[in-house]
Participant: 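Could you have a look at this structure, given as structure tokens, before my questions?
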Amino acid sequence: MADHPFPLSKDELLAAYRRMRTIREFEERLHIDFGRGDIPGFVHLYAGEEAAAVGIMLHLHDGDRIASTHRGHGHCIAKGVDVTAMMKEIYGKKGGSCEGKGGSMHIADLSKGMMGANGILGAGAPLACGAALAAKYRAKKGQPSDVAISFVGDGASNQGTFLESLNLAAVWDLPAIFVVENNGYAESTSRDYGTAVDSYVDRAAGFGLPGVTVDGTDFFAVYEAAGEVIRRAREGGGPSLLECKMVRFHGHFEGDAQTYRAKGELEDIRANRDCLSTFKAAITGAKVVTDAELQAIDHEVLGLIERAVTAAKAAPLPTAADLTTDVYVRY
Amino acid sequence: MARKISMKLAINEAIDQEMSRDPTVIMMGEDIVGGAGGEGEKDAWGGVLGVTKGLYAKHGDRLLDTPLSESAYIGAAIGAAACGMRPIAELMFIDFMGVCFDQIFNQAAKFRYMFGGKAETPVVIRAMVGAGFRAAAQHSQMLTPLFTHIPGLKVVCPSTPYDTKGLLIQSIRDNDPVIFCEHKNLYGFEGDVPEKSYTVPFGEASVVRDGKDVSIVAYGLMVHRALEAAALLAKEGIEAEVIDLRTLSPLDIDTVLESVEKTGRLVCVDEASPRCNIATDISAQVAMQAFGALKAQIEMVTPPHVPVPFSPALEDLYIPGGPQIADAARRTMKKGKT
């Protein structure tokens, strides 16, 4: 490929950085605006976990489906959902991804293959099985099929829906990938307290699925492992499990005081396990891109988020007429 | 035409014709083919009561046997529906919805609204309902009110083979999630069913007997009990009008209101438990919208507020019967204005 050690071209590396940076800025801006009281409801931020969403989603196209979690903003942005429509949605405005009827926990854009953030932990796994089944039916003989990816946290990995789905996907040999985003906490409860088995690879094996664990803060590790499991699913090799060990920069939800964390833990993960810093250091260190090029992207992303917030604040609120539409085909 | 077939065959025929017509129609459920992976007969069962028997021979792998995993496969049907398929999922007994209800009421029912009108979930969930099979507390419930309560779901519960075929075809073609309730004690009930494909629209109740004295509203098996009651009452000179709701969501309240405007008396019959059920809902709506037309208080006939008992002696007491419904009609005839 190119004269550098990475599996992506320079343009692709810059595009990956832009997506990760967009997620980071989107989430950090929400953190501030939520604190100011601008945003209603529950908000769960993805900051710190960007390498997983982007490293996986770079292998997907719009026909591939993902079933996301309550912590879904990063998945949306990585899958190509419009940032301004997302911001409007989170502000509860008309013109939002879901016309203000879903909010942060239910952002969806089916045209992008994004089947929705989900307020019910583990609920996306059966839906992803269905999406994978539909993909299998649609696939032309001998051609690679679309795939479906179910995201769960380490907490929701203990839901029956998730475990049933591992079995169903294996039994039906579906083009499905189950991504466990292991950020160490199920809400406030440590992963080790709530999950008896140490390795999700072992759990996958118990259901007859191949599994792999990667450092989810290492973009290239995620990218490579995701490429392998997605290729296998596309080519009819069946489902897999991918565990990404990662860190969560914010609380379970905005407003979480995070007193359950160890002293200095947050400072430590921000200083030493920031996936964006790691990525930046790798690509600038190899002299593939320059700091100036990345700074230019940072600047553009800041402008994008600022415009999204301005548009969201200016967007009209839904009205009484919107309250009763969209329940049935004809209401 | 005059071809009589059972409700069971009407269901089979509706699925067969829709699968032949539309390649996106698939079906999944526990033992809907039967014998999967074994060395014995393929299509061994066709569902626990043989409703889908023979469909595998015609449509092959578009019928999928599932593991005993209701959450996973009902959810998969819903996910596939959101991705362009028209799945029919068989939940076997509606009592099993407890293990997969989240997928039905938090996922399928809400996609259209929650995603701002940009999602469609054309899934049909078929399930057996009702008592009288000596199947005891966990295989005999009605539960129709639980689904009717949820915005975004459509709820169908037919009483005749004709309506069953037409409503099931309508359900498969409908772009919303439909809970299709089949009364297991009506599977063997025969009636005229055209061989050609046809639909029965949602939200249109059927007046199955005309009468001027009292309106009896029912659905499912209770329509037949209401007709028994009407026959008893006719011998006493009381002419009951019997209305079959057919679909509980959407609900055709107008037909009920028109009938009550004519008769002034109402008996609501429901095989579901008495609190917050279809009968209480109809009663409330009539009291609100046609109070002036009522000549007497509304009567309700339901089972007692207990789980469905096993012993045949008890179960027969549990299920509302024709004589009970006739008694309720007589009570309302004796009361109030003339």
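In the text below, chain A, chain B and the rest are named by the order of the sequence lines, each starting its count at 1.
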Participant: Which atoms of B:I74 are under 4.5 Å from chain A, going by heavy atoms: the side chain, the backbone, both sets, or neither?
Facilitator: neither
Participant: A:N118, A:N167, A:T161, A:D322: which one forms the most heavy-atom pairs within less than 4.5 Å of chain B?
Facilitator: A:N118
Participant: Measuring heavy-atom distances to chain B, does A:D146 have an atom under 4.5 Å in its side chain, in its backbone, in both, or in neither?
Facilitator: neither
Participant: Strictly by modelled atom types, are B:D174 and B:S171 linked by a side-chain donor-acceptor pair under 3.5 Å?
Facilitator: no
Participant: Please state whether the side chain, the backbone, both or neither of A:S97 comes within less than 4.5 Å of a heavy atom of chain B.
Facilitator: backbone
Participant: If you look at every heavy atom in B:F96 and B:L91, which pair is closest and at what distance?
Facilitator: CD1-O, 3.6 Å
Participant: Determine, stepwise, if the pair B:V156 / B:L248 fulfils side-chain contact (heavy atoms from CB on, under 4.5 Å).
Facilitator: CA-CA 6 Å; B:V156 180; B:L248 309 177; over 6 Å; no
Participant: With a 4.5 angstrom heavy-atom cut-off, is it the side chain or the backbone of B:T121 that approaches chain A, or both, or neither?
Facilitator: neither
Participant: Chain A: which of B:E120, B:R112, B:K110 shares the most heavy-atom pairs with it under 4.5 Å?
Facilitator: B:R112
Participant: Quick check for you: among A:L133, A:I120, A:L110, A:V171, which has the greatest number of heavy-atom pairs under 4.5 Å with chain B?
Facilitator: A:I120
Participant: Do B:D244 and B:S206 pair up side chain to side chain, a donor and an acceptor below 3.5 Å, judged on atom types alone?
Facilitator: no
Participant: Apply salt bridge (Lys or Arg N to Asp or Glu O under 4.0 Å) to B:E18 and B:R173, showing your working.
Facilitator: CA-CA 9 Å; B:E18 283 304 283; B:R173 295 180 188 179; 2.8 Å; yes
Participant: Given heavy-atom pairs under 4.5 angstrom as the criterion, report whether the side chain, backbone, both or neither of B:I150 touches chain A.
Facilitator: backbone
Participant: Could you tell me which of A:S165, A:A131, A:C129 has the largest number of non-hydrogen atom pairs under 4.5 Å with chain B?
Facilitator: A:A131
Participant: What part of B:T24 is in contact with chain A, defined as an atom under 4.5 angstrom from a non-hydrogen atom: side chain, backbone, both or neither?
Facilitator: neither
Participant: Taking the side chain as everything from C-beta on, heavy atoms only, tell me whether B:F202 gets closer than 4.5 Å to B:L167.
Facilitator: yes
Participant: For the aromatic rings, using the six-membered ring if either is Trp, is the centroid distance between A:H70 and A:H106 under 6.0 Å?
Facilitator: no
Participant: Decide whether B:Y73 and B:E90 meet the rule of one side-chain donor and one side-chain acceptor closer than 3.5 Å.
Facilitator: no
Participant: By a 4.5 Å heavy-atom criterion (distance strictly below it), what part of B:N175 contacts chain A: side chain, backbone, both, or neither?
Facilitator: both
Participant: Among B:R62, B:E70, B:Q107, who wins on heavy-atom pairs under 4.5 Å with chain A?
Facilitator: B:Q107
